K.L.:
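This structure is in structure tokens; I'll ask about it shortly.
None of these values were measured; they are calculated from a predicted model. Numbered from 1 within each chain, the chains take letters A, B, ... in sequence-line order.
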Number of protein chains: 2
Amino acid sequence: MPDDHSDPDLAFAPHDHARCAGDAMARAETSLALGGQRLTAVRRRTLQILLESHRALGAYEVLDRLVADGYGNQPPVAYRALEFLEEQGLVHRIRRLNAFTACMHPGEVHAPAFLICRACHAVAEAPAGTLGAALQAAADTLHFTIERSTIEAVGLCPACKATAGTATRGIA
Amino acid sequence: MPDDHSDPDLAFAPHDHARCAGDAMARAETSLALGGQRLTAVRRRTLQILLESHRALGAYEVLDRLVADGYGNQPPVAYRALEFLEEQGLVHRIRRLNAFTACMHPGEVHAPAFLICRACHAVAEAPAGTLGAALQAAADTLHFTIERSTIEAVGLCPACKATAGTATRGIA
DNA sequence: GTTGACATGTTATACTGTAACGCTATATCC
DNA sequence: GGATATAGCGTTACAGTATAACATGTCAAC
């Protein structure tokens, strides 16, 4: 099983990966400490796995890597850590892919929106812009109170658009 | 297994159910005919099931009802019909619930947005408003081309907000 | 009435997610 | 330090969701 160095980048543009991962981990430690939450070994390693791989991983992919590090090898081990991290706003769940990805700017309140390339499987966390407000407005007209939201779009990233028609593997 | 008359209404406000279902079926026939697509028996019945039940149904729930009508009793029968209807814009998939619901206004181009009550499980298709534009704008900044989108919010509908704290069953 | 394309029926299996139980580690209180 | 309470982890077992692959049937065009 190959490592994931060759996998598509999380954002569509290149950037300082090590730095953004390190920053995210540091912020995670701080924000958990402030909230009185415990970043245990499994949770820390799970977050690291997502930060390192730098793309959306399925729960069972995460589990495989936890197993390789000597942690429990049953699904709940991964799911519990992922759910905890999601509740803490450190990880996002991408329902379209049945996958999880590390949050690139934890701490900031945001209704995460994801852009998923169907050709190269890259996933980018989109700038929120007026999205949150627009969703809130839609909910308001029905007097609905939003607690959590999922916003995901499937399409083509700039790179795959450029090579459109060539050897890309589709998601459907 | 009880019928679904007591299930939460699709929209949060009462309305003329028979009429909206009938309209939707009529529009479905027209739009499929124009596109040269075939509304076969299974597909038609599947759409009817979703329109009648008037809430989000899992694929296996749809399958149960198809079986009761004498259709094939294996998952692909339901999944194929549902996928076809989704491609045609007649059905929406609600990923948060692993469920499907009939589109309430097929034909109109729209980025469907769903409001899901975690207490009573009602699902409403939210007015699009500026949502589509906001999502498009977010994608534009990354030069991403959107082909399909999933927008779902979990929270409390007006009725469940009113009875907050009383006997409601949570989704989580 | 044969051909070809599309749709359905069916088998089998893969993938995703969770309930429940017992043990261990950590924190707290005395 | 030792008792107690709580949260987290490991494990078993299973439930729920989805799809690949192939066989059969149906329909329209020629």
K.L.:
Please state whether the phosphate of dT8(C), meaning OP1 or OP2, lies under 4.0 angstrom from any side-chain nitrogen or oxygen of Thr40(B).
P.N.:
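True: Thr40(B) side-chain N/O within range (under 4.0 Å) of dT8(C) OP1/OP2.
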
K.L.:
Report the distance from atom CD of Gln88(B) to atom P of dC6(C), rounded to the nearest whole Å.
P.N.:
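It works out to 14 Å between those atoms.
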
K.L.:
Without decimals, in angstroms, what is the distance between Gln37(B) CD and dC6(C) P?
P.N.:
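Spelled out: CD on Gln37(B) to P on dC6(C) is 10 Å.
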
K.L.:
In whole angstrom, give the distance that lies between atom CZ of Arg43(B) and atom P of dC6(C).
P.N.:
11 Å

K.L.:
Mapping Glu83(A) and Ala41(B) onto DNA chain C by nearest heavy atom, which one lands closer to the 5' end?
P.N.:
Ala41(B)

K.L.:
Begin with the C-alpha distance, continue with both residues' side-chain angles, and end with the deciding distance and a verdict on salt bridge (charged side-chain N to carboxylate O under 4.0 Å, His left out) for Glu52(B) and Arg45(B).
P.N.:
CA-CA 10 Å; Glu52(B) 286 166 7; Arg45(B) 185 66 195 118; 3.3 Å; yes

K.L.:
In whole Å, I'd like the distance from the CG atom of Leu97(A) to the P atom of dA18(D).
P.N.:
14 Å

K.L.:
Let me know, please, whether Phe84(A) or Pro75(A) comes out on the 5' side of the other along DNA chain D by nearest nucleotide.
P.N.:
Phe84(A)

K.L.:
Please assess Thr150(A) against Arg96(B) for the test side chain to side chain donor-acceptor pair (under 3.5 Å), listing each intermediate value before the final yes or no.
P.N.:
CA-CA 8 Å; Thr150(A) 301; Arg96(B) 189 133 206 153; 2.7 Å; yes

K.L.:
Quick one: Phe100(B) CZ to dT17(D) C1', roughly how many Å, whole number?
P.N.:
9 Å

K.L.:
NA contact type, Arg93(B), heavy-atom cut-off 4.0 Å: base, sugar-phosphate, or nothing?
P.N.:
sugar-phosphate

K.L.:
Any idea which heavy atoms bring Leu90(A) and Ser31(A) closest together, and the distance?
P.N.:
CD2-OG, 4.3 Å

K.L.:
Expressed as a whole number of angstroms, how long is the span from Tyr79(B):OH to dA20(D):P?
P.N.:
12 Å

K.L.:
Can you work out whether Asn98(B) or Arg38(B) has the more 5'-proximal nearest nucleotide on DNA chain C?
P.N.:
Arg38(B)

K.L.:
When we call it a touch if two heavy atoms are under 4.0 Å apart, what does Glu61(B) touch: a base, just sugar-phosphate, or nothing?
P.N.:
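Nothing, no heavy atom under 4.0 Å.
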
K.L.:
Output the rounded distance in Å from CG (Leu39(B)) to C1' (dT8(C)).
P.N.:
15 Å

K.L.:
Can you give me the closest heavy-atom contact between Ala153(A) and Leu135(B), atom names plus distance?
P.N.:
CB-CD2, 4.4 Å

K.L.:
Test for a donor-acceptor pair under 3.5 Å between the base of dG10(D) and the side chain of Arg80(A), counting only N and O atoms.
P.N.:
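Pair found.
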
K.L.:
Nearest heavy-atom pair of Val123(B) and Phe114(B): which atoms, and what distance?
P.N.:
CG1-CD2, 3.8 Å

K.L.:
Answer with base, sugar-phosphate or nothing: what part of the nucleic acid does Val77(A) contact at a heavy-atom distance below 4.0 Å?
P.N.:
base

K.L.:
Which part of the nucleic acid, if any, lies within reach of Tyr60(B) when heavy atoms closer than 4.0 Å are counted: base, sugar-phosphate only, or nothing?
P.N.:
base

K.L.:
What is the distance from CG of Leu32(B) to C1' of dC6(C), rounded to the nearest Å?
P.N.:
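Interatomic distance, CG of Leu32(B) to C1' of dC6(C): 15 Å.
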
